[in-house]
Q: 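Sharing a structure with you now.
Reckoned from all heavy atoms, side chains included, excluding hydrogens, waters and symmetry mates. In listed order, ligands and their atoms are each counted from 1.
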Amino acid sequence: MTKTLAVSGITRSFRGVKALVGVDLTVTSGAVLGLIGPNGAGKSTLVNIISGYDRPDTGTVTMDGVDVTRTDARTKARNGLARTFQHGHTYHGLSVRENIEVAALGTGRRRAEARRRATELMERLGIADRANQLAAALPHGTERRLGVARALAIEPRYLLLDEPAAGLNEGEIGEFGDVVRSIAAEGTGVLLIDHNIRLIMAVCDTIHVVVQGKSFLEGTPETVQRSEALAEAYLGRSGRAHDAA
Ligand SMILES: Nc1ncnc2c1ncn2[C@@H]1O[C@H](COP(=O)(O)OP(=O)(O)OP(=O)(O)O)[C@@H](O)[C@H]1O
Ligand SMILES: [Mg+2]
């Protein structure tokens with residue numbers, strides 16, 4: 001049986017504001033699912049719910065068949081569900097290396113193993129030259145990559161990436177795309193949110209579109225790119241097609 005992280009019928013309101021009104025999607029082990037939608041569509045809210053930082057009003061989240069809808073974030077992380085944050089969430093007073101080591105230690109790795117893992121991950125994310133710099137001093141794009149390294153430190157089975165490539169230049173985005181593919185190739189199921197459509201198209205096996213809190217369309221990159229309904233949904237909302245995701 002293929003292993004999956006599946007969400008079904010998710011709704012969530014914040015004091016009357018309906019952020020999510022019905023999302024169904026499945027992240028499959030070894031594959032990359034892209035999650036796109038206009039600003040305010042509910043993408044980060046969904047990541048918060050899946051990762052246990054928030055709870056849905058209705059709907060379920062299952063991980064390899066086990067209902068984890070109301071499981072807290074820490075337990076989910078220990079069970080192999082990692083995420084990054086759209087806004088920061090690194091320890092500014094710690095170095096790049098220490099940030100990754102702390103993440104590894106937090107899920108029970110021993111010190112030597114955490115250290116080895118940090119070295120490996122800094123290489124992998126292209127941030128080894130910053131090992132001893134404080135996270136507070138990092139450029140935006142580098143801090144995002146540190147966030148991904150921290151998430152990978154727990155050797156997750158599922159990884160949720162909330163706009164990890166923001167602040168990277170085109171060359172760095174290409175390299176980052178290769179890293180995402182390599183993560184999936186190791187068997188991890190990846191959910192990738194990003195506003196860079198070229199990255200999404202290049203990296204994702206399947207793309208899921210949410211519009212105004214609702215699952216709108218899902219398909220291969222080709223199908224989604226060709227969808228007229230999608231173009232209309234974006235144009236209707238922002239007036240600029242390239243503002244997508
Ligand atoms: N904690 C909260 N309290 C109140 N409203 C919230 C909260 N979190 C999200 N919202 C609202 O829910 C809606 C969805 O927000 P969300 O951040 O999930 O969108 P998004 O798709 O991630 O957008 P972006 O692409 O800009 O990151 C927005 O209207 C937002 O203002
Ligand atoms: Mg967001």
Side-chain angles (χ1 to χ4, degrees), residues 5-27 32-61 69-70 72-73 76 81-90 140-141 143-148 150-151 158-168 173 176 180 190-201 203-204 206-218 221 224-225 227 229-245:
L5 175 65
V7 313
S8 169
I10 297 289
T11 68
R12 177 74 168 108
S13 295
F14 298 103
R15 279 188 243 110
V17 177
K18 292 181 176 174
L20 295 173
V21 294
V23 174
D24 302 273
L25 59 77
T26 300
V27 180
V32 183
L33 178 69
L35 179 61
I36 64 172
N39 293 118
K43 304 179 296 294
S44 296
T45 302
L46 186 67
V47 166
N48 288 340
I49 287 170
I50 297 174
S51 57
Y53 285 80
D54 189 17
R55 306 263 158 92
D57 299 328
T58 63
T60 56
V61 181
T69 313
R70 311 224 157 243
D72 64 273
K76 278 180 173 165
L81 176 56
R83 67 165 298 178
T84 66
F85 292 83
Q86 189 172 350
H87 303 288
H89 257 264
T90 56
H140 197 53
E143 193 186 15
R144 297 289 171 112
R145 279 181 287 176
L146 173 57
V148 177
R150 278 171 52 78
Y158 296 100
L159 174 63
L160 316 176
L161 300 171
D162 196 351
E163 299 194 23
L168 301 185
I173 285 176
F176 181 73
V180 174
V190 181
L191 180 76
L192 173 64
I193 297 175
D194 212 273
H195 283 276
N196 186 308
I197 277 294
R198 216 177 313 164
L199 172 70
I200 290 283
M201 291 293 164
V203 162
C204 298
T206 310
I207 297 173
H208 191 96
V209 186
V210 282
V211 177
Q212 294 182 9
K214 201 166 178 38
S215 288
F216 180 80
L217 172 74
E218 185 177 300
V224 168
Q225 200 159 27
S227 164
L230 176 65
E232 263 171 44
Y234 276 121
L235 287 166
R237 175 95 180 193
S238 69
R240 299 210 318 274
H242 68 265
D243 197 26

Q: Looking at non-hydrogen atoms alone, which of Val47, Leu20, Asn39, Ile36 comes nearest to atom 24 (P) of ligand 1?
A: Asn39
Q: For atom 17 (O) of ligand 1, which of the options Gly42, Ser44, Ala166 provides the nearest non-hydrogen atom?
A: Ser44
Q: Give a yes/no verdict on whether any heavy atom in His195 is under 4.0 Å from an atom of ligand 1.
A: yes
Q: Does the N or O separation between Val17 and ligand 1 drop below 3.5 Å for any pair?
A: no
Q: Within less than 4.0 angstrom of ligand 1, does Gly37 place any heavy atom?
A: no
Q: What number of protein N, O or S atoms occur at distances under 2.8 Å from the Mg ion (ligand 2)?
A: 2
Q: Out of curiosity, Arg55 CZ to Arg70 CZ, how far, rounded to the nearest 0.5 Å?
A: 6.5 Å
Q: Does the side chain of Thr11 pick up a donor-acceptor pair with the side chain of Thr58 at under 3.5 Å?
A: yes
Q: Working to the nearest 0.5 angstrom, can you tell me the gap between Gln86 CD and Lys43 NZ?
A: 7.5 Å
Q: Please report, to 0.1 Å, the donor-acceptor pairs under 3.5 Å made by any side chain of residues 14-26, with sequence neighbours excluded.
A:
from  : atom 1 : to   : atom 2 : distance (Å)
Asp24 : OD1    : Gly9 : N      : 2.9

Q: Distance-only, no hydrogens or angles: does the Asp194 side chain make a donor-acceptor pair with backbone N or O of Ala165 under 3.5 Å?
A: yes
Q: Have a look at ligand 1 and work out which part of Arg15, if any, has a heavy atom under 4.0 Å from it: side chain, backbone, both or neither.
A: neither
Q: Going by the atom numbers of ligand 1, which of them fall below 4.0 Å from some non-hydrogen atom of Thr45?
A: 9 (C), 14 (C), 15 (O), 16 (P), 18 (O)
Q: Can you tell me how far apart CG (Asn48) and CG (Leu160) are? Round to the nearest 0.5 Å.
A: 10.0 Å
Q: Under 4.0 Å from a heavy atom of Glu163: which atoms of ligand 1 are those, numbered in the order shown and with their elements?
A: 25 (O), 27 (O)
Q: Tell me, please: is Arg12 in heavy-atom contact with ligand 1, that is, under 4.0 Å?
A: no
Q: Measure the CE-CG distance between Met201 and Asn196 for me, rounded to the nearest 0.5 Å.
A: 10.5 Å
Q: Taking all heavy atoms of Ala41 and all of Val211, pick out the closest pair and write down the distance.
A: CB-CA, 4.5 Å
Q: Does the Lys NZ or Arg CZ of Arg144 fall within the cation-pi geometry relative to Phe176 - under 6.0 Å from the ring centre and within 45° of the axis?
A: no
Q: Quick one: CG on Leu191 to OH on Tyr158, what's the gap to the nearest 0.5 Å?
A: 12.5 Å
Q: Distance check, rounded to the nearest 0.5 Å: Leu81 atom CG versus Ile50 atom CD1?
A: 8.0 Å
Q: Between Ala41 and ligand 1, is there a nitrogen or oxygen pair with a distance under 3.5 Å?
A: yes
